[in-house]
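First the structure, in the form of structure tokens, and then the observations on it.
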Amino acid sequence: MTEAPRSLITIDNLSNGEINHLFEIAGEMAADIPGQYGIARGKIMASLFFEPSTRTRLSFETAMLRLGGSVITASDVNATSMAKGESIADMARVVGSYADIIVIRHPWEGAAKIVADYSGKPVINAGDGGHEHPTQTLCDLFTLKQERHTIRGLRIALWGDLKYGRTIHSLAYALARFGATIHFRPAPGLEIPEYVLRKLTTEYKGELKRREGLQTVEEGTLPLDAIYVTPRSPHQLAMMPDVSLEVELEKSVDALYVTRMQRERMKANGSGSYPIVDKKMLKAKEFEKTLVMHPLPRVNELAQEMDGDRRAGYFKQAAWGVPVRMALLTYLLGIKQPKITEEADSLYQHRDYPVYTGDSVKCPNAMCVTSQESEKYLAHEFSIIKMEPLILRCVYCEHEVRPPFIASSEWHEGRTDTKKYHDSNSHWIKEIKPENLIIFGNESEAKTRGFKPSHYTGKVEG
Amino acid sequence: MTEAPRSLITIDNLSNGEINHLFEIAGEMAADIPGQYGIARGKIMASLFFEPSTRTRLSFETAMLRLGGSVITASDVNATSMAKGESIADMARVVGSYADIIVIRHPWEGAAKIVADYSGKPVINAGDGGHEHPTQTLCDLFTLKQERHTIRGLRIALWGDLKYGRTIHSLAYALARFGATIHFRPAPGLEIPEYVLRKLTTEYKGELKRREGLQTVEEGTLPLDAIYVTPRSPHQLAMMPDVSLEVELEKSVDALYVTRMQRERMKANGSGSYPIVDKKMLKAKEFEKTLVMHPLPRVNELAQEMDGDRRAGYFKQAAWGVPVRMALLTYLLGIKQPKITEEADSLYQHRDYPVYTGDSVKCPNAMCVTSQESEKYLAHEFSIIKMEPLILRCVYCEHEVRPPFIASSEWHEGRTDTKKYHDSNSHWIKEIKPENLIIFGNESEAKTRGFKPSHYTGKVEG
Amino acid sequence: MTEAPRSLITIDNLSNGEINHLFEIAGEMAADIPGQYGIARGKIMASLFFEPSTRTRLSFETAMLRLGGSVITASDVNATSMAKGESIADMARVVGSYADIIVIRHPWEGAAKIVADYSGKPVINAGDGGHEHPTQTLCDLFTLKQERHTIRGLRIALWGDLKYGRTIHSLAYALARFGATIHFRPAPGLEIPEYVLRKLTTEYKGELKRREGLQTVEEGTLPLDAIYVTPRSPHQLAMMPDVSLEVELEKSVDALYVTRMQRERMKANGSGSYPIVDKKMLKAKEFEKTLVMHPLPRVNELAQEMDGDRRAGYFKQAAWGVPVRMALLTYLLGIKQPKITEEADSLYQHRDYPVYTGDSVKCPNAMCVTSQESEKYLAHEFSIIKMEPLILRCVYCEHEVRPPFIASSEWHEGRTDTKKYHDSNSHWIKEIKPENLIIFGNESEAKTRGFKPSHYTGKVEG
């Protein structure tokens, strides 16, 4: 029996069992919306939108009002004006003294975590920059469950911009956890980032099959770039199905998740090949029974003619947002107690990464909340996700860093001659325990702190 | 027994009987505002203001809250940013899946109709560009009824800007339906548009008497331009009173409806004669007992010194907005059932105009919703309101078009030699049935489609 | 037994007894927030913010919602757009016909008073330019009472920008009324205005001791500029304690009220000496048990490291805002009846100043509401707070004016030879009764109105 999560900052804050239970509640609520009125009587939700998002904001506010709760809203604030003055932590503490639960959207990645850390109240991340948007993922999963009954074993194609869409990354992790097979079909130049693929294979139990070179495909469609396959059963890794990309391409797609085409990004990538999903394209046999999904708002990537098609799932997706958020609100407010069903987290393999905190490594992501607020009160903090080569992951925005120089605090206790620093690619990394790791952003920093260059650095060797 | 209207897009969506019944409900509600709390318990109103209008928005929101309902608001959205991305239809579908009723103000004419067409929920038009603002008209009528007991037979002077004020056009139609005599007293250059006058005489049962040339009038007042007179009894058109403008001018005015002076427009019209309505002007005998009305906000056209005058009705007008909107909300939400009293629609003569849809005619109004969104999903659509000469009316914004060239689909079935097009002013128009009408925006378009010029076109004849 | 005040425009609208009673209610409410839900059922609060202030707005809205009332909000309006069109009075009348109580923030000083004068509903001033912000003062006093049990006899240091902070001026008056000793410790160039000091000594019963010249002080702190001491007992003015600044400086400070550093103003004053309040500074013995207060938001003037310190009171201050505003709302809505306890207003000495209204004196404050709206409907109006020299105080913004020329209406009734005007500094002022006072903005104005220069004007004498 897990304790109820205080906040939903990333989709990983909820276990599979909790998500299943949440969906049970959401389903019951959807069947009797008027019957839920009064459940959150007297409770106040703060709806803080530091970026325009009428749709998501109204969905949350509708959910709270349907429960009979009240809402205070700040949607006129822009982060720029806030940046001049008050810290997110201060804002969080003050609003935390007003409201019972806080929903926040903010352009800075990791901002929602700060609000959760400082407000003393349950917090829901309604989108923090390019990082996460976990309630969108919940709506996506709920729609799949409603329309296809289960997620395990489904073939889901992610389509279009797999690089920038924050909803895509959260969704990929969630599909991996629930045992779906994922088809990656990116527009050229908008492939899913490497760190997402790495996380899928190191922290989830599936396997990735990549295609060698982008094949030419018929006009009007996007090529299959890679497939992520999950084991048939969580406890038997050997039961990984033997999947061939060529065979897989022949099979029918259960859901096609179309993403918004952002014209600016298409131009930047020098490519115009973002085919429009329309009836003609969906005539292909693989799409005969495909549920067409889209997080909305759409621009031109999904034809209006699909709206009346029985395969169109995107307006349902938006509509389910209300009961899903109602369920989540009652859950985090402690009105509904978590009752974890079985079929646990088994496709997710939790890793307890060691943590690195130090002045010499800064998160390279300019939109990370630590880049914006670290001078005031925040320390940079990283998970050490790999030693060979050394890869750190920012605990706020999850961007990766590969620091250039390292040393160990153990080697040179009191002894000057062994105070040496090494290239982070050198074999010395093997000898360092994470808890002794020292990192330098450049050589002069190492020298300033009294370290000498090692003969065994990668540079020297090379 | 008419069915409850799903939406209020133009004032014509409500019959006279329905309006009377609505006013009964509004009167009862006004007498016991606290007693209405809870009537709309659990219902959610979406308040979508894509143009600033604090007054109207707060009036609607107050109405819903007085009923014990809840409100979700988007007032920070500007249409420009929306134009870049999502269609009004998509927005309507999503918000329709959140709220129980939608109130929308939008700069594009016809936008509210789109929301009604796509949202699946009752929609109230709170102003769509220069088109309509029907709840303002309801408040105006209700104020007249409260202050003068009946509208039939009242003399109402419309004053100032009769050209651009959307409230004036709706009000004129409504006054015509309820049997008032309308005095048009425009500022020079701001006369009421011809198409409004045409509609008053073709779709309502009254008669128009126009003054020949603008007479010189005393300084500080505006000349009487035209009078619209309604029959004494709806069923006896012969009972049209014999009205002389000169005699009419001597008679007392029951209500003076002052409109906002928009400085930019005054300059554009090269005129400064927008006299201020003040105590001095209202000393004239005709205004002795006149109710002074104004939709507010006012600028300088109505003197502050009138505020304490017993004839001032404009703050009451604003205050009645709340019970009138409360009644309307309960009505459209189905909480109060329509109970149509007699004294029906008789001064309105409904016309079932044939409809024309085709690529070759586009609405000429740049602010029409079809001008903005037709590429995405909307077809241009017109009522054929007259054949000789041919006049079409856009079903979204009601602007008129007079297309230059026509043909008939009947004439040339399979026979090339009769595929001829004609000037729309030619006598050939008589021979074409509306269901066979083909329209061309210009001659080359006609030729491209395989039509030859007729010898009988107006052009050739002239 | 005083009647309940209709509005809270300045902190002086509430007597000490009322404030004490309000705090009793606030304390009871704070102890059982959920128990208050429903108290204001069916009531509507209009929240009109013509200047951005998310914190204050959300605090008021939370308070109303915690009482089970409803809120209509306008926070997207900027005063500039309003200035083009509608008057504050019109807006007040309209919103007054919607809501049961109005909370307003506006950049123009005196705007809240206009809303109270015209809306017909209770009004709460949530900040009118640089004038007042009385509910902030209530929160400050409540925090002091909660943390130090009483205000009488406390030593409160006001720190930093004492010139522009509207919260500081209201707070100083309130502390004077409740019998605190005030230490003024301004940043150089940001001293408390003379007119505030004058009001403290003429309208309150305390005494001011000023320091001769700014002493050099240790780096990292601000010098004590002046001390305001209140009598031990309100009824015995002789019981004024004998306070020496040197001795006073040795004594411990009960509360340190830090104000926001506004960089723009620091630069304008050519000074960088705005020391940061941090643990190091607060190591001084005088601050050992000091409650650190701040109206928030803070920028850099108060170190984040203080947040965990037991002396930090500023987040509590923000949190108390909700119950204090809940109590105030129920009080002004008439839900809770005022029950005035003893310990009355005795340290405030109410003065019934004569009033001067006339075209020739205008308020010199460009942000005064009369500077913005007087042409439309407002008359300039002043309290004559002193005759020798002549000092007027604007009844809207409380700024002072010293008019240059005067005359008496009594001297020259019908007699042309005695129609003389005088320099306002001349001894003639003694001979004029306030009710006969005539003021001229300049000599030509006096001459135009038929007055001749006096030989006894200050100018001629000098």
Side-chain angles (χ1 to χ4, degrees), chain B residues 30 33-39 47 49 51-71 73-78 260-264 294-308 312 314-323 325-326, chain C residues 38 40-50 52 54 61 64-65 68-104 114 117-121 333-335 373-379:
Chain B
I33 293 283
Q36 313 310 316
Y37 190 81
I39 281 187
S47 178
F49 278 70
E51 257 192 345
S53 167
T54 307
R55 175 191 312 282
T56 303
R57 181 171 63 78
L58 295 186
S59 176
F60 271 110
E61 296 184 9
T62 300
M64 188 62 174
L65 296 171
R66 290 280 182 217
L67 295 167
S70 304
V71 176
T73 301
S75 65
D76 46 347
V77 199
N78 61 65
R260 184 157 56 264
M261 173 181 63
Q262 306 200 10
R263 242 180 263 273
E264 316 80 66
H294 191 295
L296 299 182
R298 67 176 151 185
V299 190
N300 293 317
E301 65 283 348
L302 178 56
Q304 309 270 351
E305 64 176 15
M306 288 307 301
D307 296 0
Y314 36 95
F315 290 122
K316 287 180 202 162
Q317 226 174 322
W320 290 127
V322 175
R325 292 186 171 105
M326 287 169 73
Chain C
R41 189 177 181 274
K43 299 288 184 188
I44 294 181
M45 177 185 97
S47 178
L48 308 177
F49 278 71
F50 293 85
T54 308
E61 296 184 9
M64 189 61 175
L65 296 171
S70 305
V71 176
I72 53 173
T73 302
S75 66
D76 46 346
V77 198
N78 61 66
T80 321
S81 78
M82 212 186 68
K84 285 186 201 165
E86 191 175 30
S87 69
I88 293 180
D90 276 17
M91 183 270 292
R93 262 182 288 221
V94 172
V95 177
S97 73
Y98 299 164
D100 300 301
I101 190 165
I102 300 173
V103 174
I104 182 159
I114 306 284
D117 289 349
Y118 286 88
S119 68
K121 294 287 165 66
L333 281 167
I335 295 168
E373 304 231 318
S374 69
E375 279 172 46
K376 292 186 193 159
Y377 59 95
L378 265 188

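All values below come from the heavy atoms of this structure, side chains included, with hydrogens, waters and symmetry mates left out. By convention in this document, chain letters (A, B, ...) are assigned in the order of the sequence lines, proteins followed by strands, and residues within each chain are numbered from 1.
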Which atom names give the shortest non-hydrogen contact between [X] and [Y], and what distance separates them?
X        : Y        : result
C/Ile72  : B/Leu58  : CB-CD2, 3.8 Å
C/Asp100 : B/Arg66  : OD2-NH1, 2.9 Å
C/Ser87  : B/Gln304 : OG-NE2, 4.1 Å

[X] side, atom [atom1]; [Y] side, atom [atom2] - distance, nearest 0.5 Å:
X       : Y       : atom1 : atom2 : result
B/Glu61 : C/Thr73 : CD    : OG1   : 7.5 Å
B/Tyr37 : C/Ile44 : OH    : CD1   : 8.5 Å
C/Met91 : B/Thr54 : CE    : OG1   : 9.5 Å

Under 4.5 Å from any heavy atom of chain B - which part of C/Ala46:
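Neither part.
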Under the 3.5 angstrom rule, does the side chain of C/Tyr98 hit a backbone N or O of B/Arg55 as a donor-acceptor pair?
yes
Applying side-chain contact (heavy atoms from CB on, under 4.5 Å), name anything that partners C/Lys121, two or more places apart in sequence or on another chain.
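Listed in chain order: C/Ser119.
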Partners of B/Ser59 by side-chain hydrogen bond (donor to acceptor under 3.5 Å, both in side chains), sequence neighbours excluded?
B/Arg325
What part of B/Leu296 is in contact with chain C, defined as an atom under 4.5 angstrom from a non-hydrogen atom: side chain, backbone, both or neither?
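Side chain only.
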